[in-house]
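Nothing here was measured: the structure is a model prediction, and the numbers come from that model.
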Amino acid sequence: MSGTITAGARLRAAGGGANRWVVLVVLCISLLLVALDATVLHVAVPAVTEDLRPSGVELLWIVDAYPLICAALLILFGTLGDRVGRRRVLLIGYGIFGVASLAAAFAPTPEVLIGARALLGVGGAMIMPATLSILRAVFPDRRERATAIGIWTAVAAVGAATGPVLGGFLVEHFWWGSVFLINIPLMALILPVGRWLLPESRGGADGPWDVLGALMAAAGVLGAVLGIKRLGAGDTVLDIRTAGPLLLGGVLLALFVRRQKRREHPLIDMRMFARAAFSTSVGCIILAMLALVGLELIAVQYLQLVLGLSPLETGLRLLPLTFAAMAAGATGSHTLHRIGPRRMVGWGFVLTAAAVLLLTLMGQHDRPWLLTTGFVLLGFGLQTTLFAAYESMLSEAPPDQAGGAAAIGETSYQLGAGMGIALLGSVMNAAYAPALASLTGVPGSAGSAASHSLGEAYQVADRLGGPAGAMVRSTARHSFVNGLHITLLVSAGLLLLGALAALRLPKVMDCATVTAEKCPKPRRPEVSLPASRKAAEAAGSGRAAH
């Protein structure tokens, strides 16, 4: 309690103005590390495979343990932060993330690396919703909060896109463990700074924390994401390894929703989904990520396997997408105030769909200006959509439910990413495989192996050699590019569907069309002490509970 009051006193002593932005810097550094770790390992997989010699299943878990565990625990730790203190959960997450990074950097066996990656997921799940819910409390004014969320979403995009570039550089100059070791000094710095500077905030929830409900949500999300990932890996929906987790996850999530509706003090107030702006924002986040992650995965394969770029060169080619996302975040607040959430989300989807259609002009030869233009439009459009959707979702949630709302947003982000890989990957495979499975003059087993992926097709072509090998290589490249075009068209259709869904959002922000003098200025909250739910509701959306 004394630490909470001290943090609040520091904010007030600093005048409340500039210090809020310092808090935002700390929160953004936290998010940057989590976003980096989601992608930084991708280019290090060959080096990990050569050093630790993991089996195929072990390698799959090395890559997937972090996002799976992180997605599963977001609701658990987001709602826990509402009860025990978001700053407390965030600081514990820092510590876990640092310890797990150290263990992963020097892992001697695949099993240790899998365990370390899972522990990184625990730390990430504690950090991600806490950063967004603390941001909600520190910026009670919606105009300032829009600017802060713009910066926050841009940092997330920067982290995800910078991961492959940074990972490629570190692997080329050091060893694979260095991709984790970079977290240690930053965590050693941010833990004491966060403890001294960040304010404590809690929701106004009465009653005990629903431990059983939190575990049901965690297991349900884990099953759903695991099943979706199996679909993305090429398994059929009838495969027990896919259908089992999907069915179990769906049942547990349905039971979780039913339990929350019946409890007097739920973890998540399901009435939030009855608000069109909240539920639509969540749906738009899922659709945006569904399009983005699937496209990024296929684009990386195109750049490396069709154009022959190295991992580092591939990461550099994707940097225009990052810079465009940063620009969208920087200008997002101004755009939101001028045109409102509905137009911003809708036109963001339309711009992204236009970028995707432009990228259908990609062929088997490098066209740098086309790719750069497409990636810039893609990054700006998607970041515009995500910014406005996150802002609307968080502003619609009551202050005492900020942690739960942030967890829902982040879970939607992860589910959309998994669904994107599964759906667009399936479309890509369906368009790519048939031409390779029945090549004249090529053994059936070789054609079947080549139909699995473009990388395997190249290996088959090298083994066959001669005219047969050349035919496999040429057909595979042509089929991949053809499949890429079909996948892009499907993605464009999903994005336009998102633009239609955005019509349910409000036309304008609160006070967006009036002058600052006419718009009532909200009182700055004392982000310190917990209160009852009734007191939080009585305080209104312009104040945090204290």
Using a 3.5 Å distance criterion without hydrogens, assess whether the side chain of [X] forms a donor-acceptor pair with backbone atoms of [Y].
X	Y	result
T487	G483	yes
S392	A389	no
S479	A476	no
R87	L198	yes

Q) ring-ring contact (aromatic ring centres under 6.0 Å, His included) with F139: which residues, sequence neighbours excluded? A)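 Testing F139 for ring-ring contact (aromatic ring centres under 6.0 Å, His included), a comparison that skips the adjacent residues, returns W21.
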Answer yes or no: is there a side-chain heavy-atom contact under 4.5 Å between [X] and [Y]?
X	Y	answer
M187	S101	no
M362	L359	yes
L215	F256	no
T360	V356	no
L255	R259	no
R504	S279	yes
L287	L495	no
F349	L500	no

Calculate, to the nearest 0.5 Å, the distance between atoms [atom1] and [atom2] belonging to [X] and [Y] respectively.
X	Y	atom1	atom2	value
I285	S281	CD1	OG	6.5 Å
R117	L119	CZ	CG	12.0 Å
L80	R88	CG	CZ	9.5 Å
T385	F380	OG1	CZ	10.5 Å
Y94	I96	OH	CD1	13.0 Å
M128	L73	CE	CG	12.0 Å

Q.
What verdict does the side-chain contact (heavy atoms from CB on, under 4.5 Å) test give for L357 and L488, after you've listed the backbone C-alpha separation in whole Å, the side-chain angles of each residue and the deciding distance to 0.1 Å?
A. CA-CA 7 Å; L357 292 175; L488 290 171; over 6 Å; no
Return the minimal non-hydrogen interatomic distance between [X] and [Y], and the atom names on each side.
X	Y	result
A130	R86	CB-O, 3.8 Å
G381	T352	C-OG1, 3.1 Å
A499	V350	CB-CG2, 4.0 Å
L252	A219	CD1-CB, 3.6 Å
A118	A65	N-CB, 4.0 Å
A502	V345	CB-CG1, 3.6 Å

Q: Test side-chain contact (heavy atoms from CB on, under 4.5 Å) on L90 and M126 and set out the steps.
A: CA-CA 6 Å; L90 180 62; M126 301 179 83; over 6 Å; no
Q | Pair Y302-L484, side-chain contact (heavy atoms from CB on, under 4.5 Å): steps then yes or no | A | CA-CA 8 Å; Y302 172 78; L484 175 61; 3.8 Å; yes
Q) Which of parallel (below 30°), tilted (30 to 60°) and perpendicular (above 60°) describes Y432 and F480? A) perpendicular
